[in-house]
There are 2 protein chains.
Amino acid sequence: MPADHGIASDLKRSDLARLTGCNLETIRYYEGVGLMPDPPRSPAGHRRYGSAHVERLGFIMRARELGFTMKEIRGLLSMVDRGSHTCAEVEKRGRHHLDVVRAKIRDLQDIEAILADTIAKCSGSDTPECPLLTVLSDAAARSSNEVQTESYPSAATVAPGR
Amino acid sequence: MPADHGIASDLKRSDLARLTGCNLETIRYYEGVGLMPDPPRSPAGHRRYGSAHVERLGFIMRARELGFTMKEIRGLLSMVDRGSHTCAEVEKRGRHHLDVVRAKIRDLQDIEAILADTIAKCSGSDTPECPLLTVLSDAAARSSNEVQTESYPSAATVAPGR
DNA sequence: CCTTGATCCTGTAGTTGCTACAGATCCTAT
DNA sequence: ATAGGATCTGTAGCAACTACAGGATCAAGG
């Protein structure tokens, strides 16, 4: 096998985009908000990237795929940049993010249950009466065992105006 | 107990907000984007709402809670406004939204699995080595049975620059 | 060598769904 | 009458990008 001819460099912005799967414009955006460093420029002012940039942007993209917010990614990166990170601290942040992800899953599962239950009652016919519209129109139809504590005397029609 | 004196009216914007749980400013926003009708005004120009507005905003709020986008809500409302809705059509839209919700749940569950698996390997100690950082730094660590089809020769360090 | 088309540059506006502010007017209670 | 809330308008900000306009530059073909 031939010898490696050294660290790659001289990548254009489009190369970096292609290698990382990141949108071209987003690279500039990340530079603007300080997630990516200002790269060296060619004499004509074109950005020139190296493998270090590929690594860093790859890190950002994978964190994004895992749903980390920009703030969290920024925190992780600055820890690593400073070399002040420990597994314990990274794990702590990861666990916090996991909690957030699990909370979102629970919220969506609640929504899923209501939607599925309601839709199951739909007739699929041409009548205007619809269980889903009823649920959307009437708070009481949602949680039938919970009494509305404060509401206005109900009017005749749903979604009036026009 | 005194008799009900008819359909309510002359609600102020703050009243509507309180009755529906909607943010005060959001009401004006919904009016601006055409989700809520322009209400009648008092001589001095203050918005005056009635029970029909309470109903409509309640509809919007409940659709929001179920994760419908503004576009979907707009579609549902305009159907109902026109009186052209059928249970079949509403059900169709509801099922589509349910599909979207379920897809989101699956995405989040994938994320949850990767996070949980990775964090489980963390030592929680003071070392800088961390399985979670490894996963974020190295694409190969994510899907270990999938060969990277296109990537750059890897450099020494993760998250360089500084 | 020169042209042509692709790519790069900058700054700025649009997206979704709100939320919050500034500065002016108005209402309500004492 | 006056003090304090509440309302009015327009506009700016948030996350996290994405897309465009108008110009400069590069790379390949003739």
Side-chain angles (χ1 to χ4, degrees), chain A residues 9-36 38-50 53 56-57 59-77 97 100-101 104 107-108 111, chain B residues 9-36 38-50 53 56-77 97 100-101 104 107 111:
Chain A
S9 199
D10 278 339
L11 299 169
K12 287 171 289 185
R13 189 149 63 101
S14 59
D15 296 326
L16 184 58
R18 186 172 37 78
L19 288 171
T20 57
C22 186
N23 179 291
L24 189 72
E25 300 279 11
T26 304
I27 293 173
R28 201 158 59 96
Y29 169 73
Y30 285 160
E31 183 184 318
V33 299
L35 275 180
M36 290 291 289
D38 292 9
R41 302 288 184 122
S42 76
H46 289 196
R47 293 169 177 82
R48 295 301 169 206
Y49 295 101
H53 297 100
R56 190 184 183 90
L57 186 51
F59 184 102
I60 295 170
M61 294 300 284
R62 283 182 287 275
R64 240 177 65 174
E65 281 167 23
L66 291 179
F68 284 95
T69 64
M70 284 300 105
K71 198 178 166 192
E72 289 170 320
I73 295 174
R74 197 184 291 273
L76 287 172
L77 280 173
H97 180 55
V100 172
V101 168
K104 279 186 189 162
D107 284 351
L108 285 172
I111 290 173
Chain B
S9 200
D10 279 341
L11 300 169
K12 286 171 288 184
R13 189 149 62 101
S14 59
D15 295 326
L16 184 58
R18 188 173 35 79
L19 287 172
T20 58
C22 186
N23 179 290
L24 188 71
E25 301 279 12
T26 304
I27 294 173
R28 200 159 59 95
Y29 168 74
Y30 285 160
E31 183 184 320
V33 298
L35 276 179
M36 291 289 290
D38 292 10
R41 303 289 185 123
S42 77
H46 289 197
R47 292 167 178 83
R48 294 300 170 210
Y49 296 101
H53 297 100
R56 191 185 183 88
L57 187 50
F59 184 100
I60 295 170
M61 296 299 283
R62 285 181 286 276
R64 243 177 61 176
E65 282 167 23
L66 291 180
F68 284 95
T69 63
M70 284 302 104
K71 197 179 165 190
E72 289 170 322
I73 296 174
R74 195 184 293 272
L76 287 172
L77 281 172
H97 180 55
V100 171
V101 169
K104 277 187 190 163
D107 284 352
I111 290 173

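Residue numbers start from 1 in every chain, and the chains themselves are labelled A, B, ... in the order their sequence lines are given, proteins ahead of strands.
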Where do I60(A) and T20(A) land on the side-chain contact (heavy atoms from CB on, under 4.5 Å) test, with the steps shown first? CA-CA 10 Å; I60(A) 295 170; T20(A) 57; over 6 Å; no
Rounded to the nearest 0.5 Å, what separation is found between the [atom1] atom of [X] and the [atom2] atom of [Y]?
| X | Y | atom1 | atom2 | answer |
| --- | --- | --- | --- | --- |
| I111(A) | K104(B) | CD1 | NZ | 8.0 Å |
| L66(B) | E72(B) | CG | CD | 10.5 Å |
| L19(B) | L11(B) | CG | CG | 6.0 Å |
| L57(B) | Y49(B) | CG | OH | 8.5 Å |
| R56(B) | L77(B) | CZ | CG | 4.5 Å |

Candidate nucleotides dT10(C), dT19(C), dC8(C), ranked by approach to the side chain of T26(B) - the nearest: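 That would be dT19(C).
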Shorter than 3.5 Å, N or O on both sides, protein versus nucleotides 25-30 of chain C: list them out with atom names.
none

Which one of K12(A), R18(A), R13(A) satisfies the side-chain hydrogen bond (donor to acceptor under 3.5 Å, both in side chains) criterion with D15(A)?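 For D15(A), the side-chain hydrogen bond (donor to acceptor under 3.5 Å, both in side chains) test succeeds with only one of K12(A), R18(A), R13(A), which is R18(A).
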Side-chain polar contacts of residues 22-29 of chain A - donor-acceptor pairs under 3.5 angstrom, sequence neighbours left out - could you list them?
from	atom 1	to	atom 2	distance (Å)
N23(A)	OD1	E25(A)	N	2.7
N23(A)	OD1	T26(A)	N	3.4
E25(A)	OE1	R28(A)	NH2	3.4

I need the minimum non-hydrogen distance between [X] and [Y], along with the two atoms involved.
| X | Y | answer |
| --- | --- | --- |
| E31(A) | D38(A) | CG-OD1, 3.5 Å |
| R47(A) | P39(A) | CG-CG, 3.5 Å |
| L16(A) | M36(A) | CD2-CE, 4.4 Å |

Go through the steps for I73(B) and M70(B) under the test side-chain contact (heavy atoms from CB on, under 4.5 Å), then give the verdict. CA-CA 5 Å; I73(B) 296 174; M70(B) 284 302 104; 3.5 Å; yes
Contacts of R64(B) that satisfy side chain to side chain donor-acceptor pair (under 3.5 Å) - sequence neighbours left out: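 Here the qualifying residues are Y30(B).
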Can a side chain N or O of R47(A) be found less than 4.0 Å away from OP1 or OP2 on dC9(C)?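 The answer is yes; a side-chain N or O of R47(A) sits under 4.0 Å from OP1 or OP2.
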Nucleotide N/O of nucleotides 15-17 of chain C paired with protein N/O under 3.5 Å:
from	atom 1	to	atom 2	distance (Å)
dG17(C)	OP1	M70(B)	N	3.4

Toward the 5' end of DNA chain C, by each residue's nearest nucleotide, R13(A) or L35(B):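 By nearest-heavy-atom nucleotide position, the 5'-most residue is R13(A).
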Contact boundaries on DNA chain D for chain A, cut-off under 4.0 Å to non-hydrogen atoms: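 Both ends considered, the range comes out as dA16(D) to dC26(D).
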Atom CG of L24(B) and atom C1' of dA20(C): how far apart are they, to the nearest Å?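 Rounded to whole Å, this separation is 11 Å.
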Can you give me the N/O atom pairs linking the protein to nucleotides 21-23 of chain C at distances under 3.5 Å, or say none if there are none?
from	atom 1	to	atom 2	distance (Å)
dC21(C)	N4	E25(B)	OE2	3.1

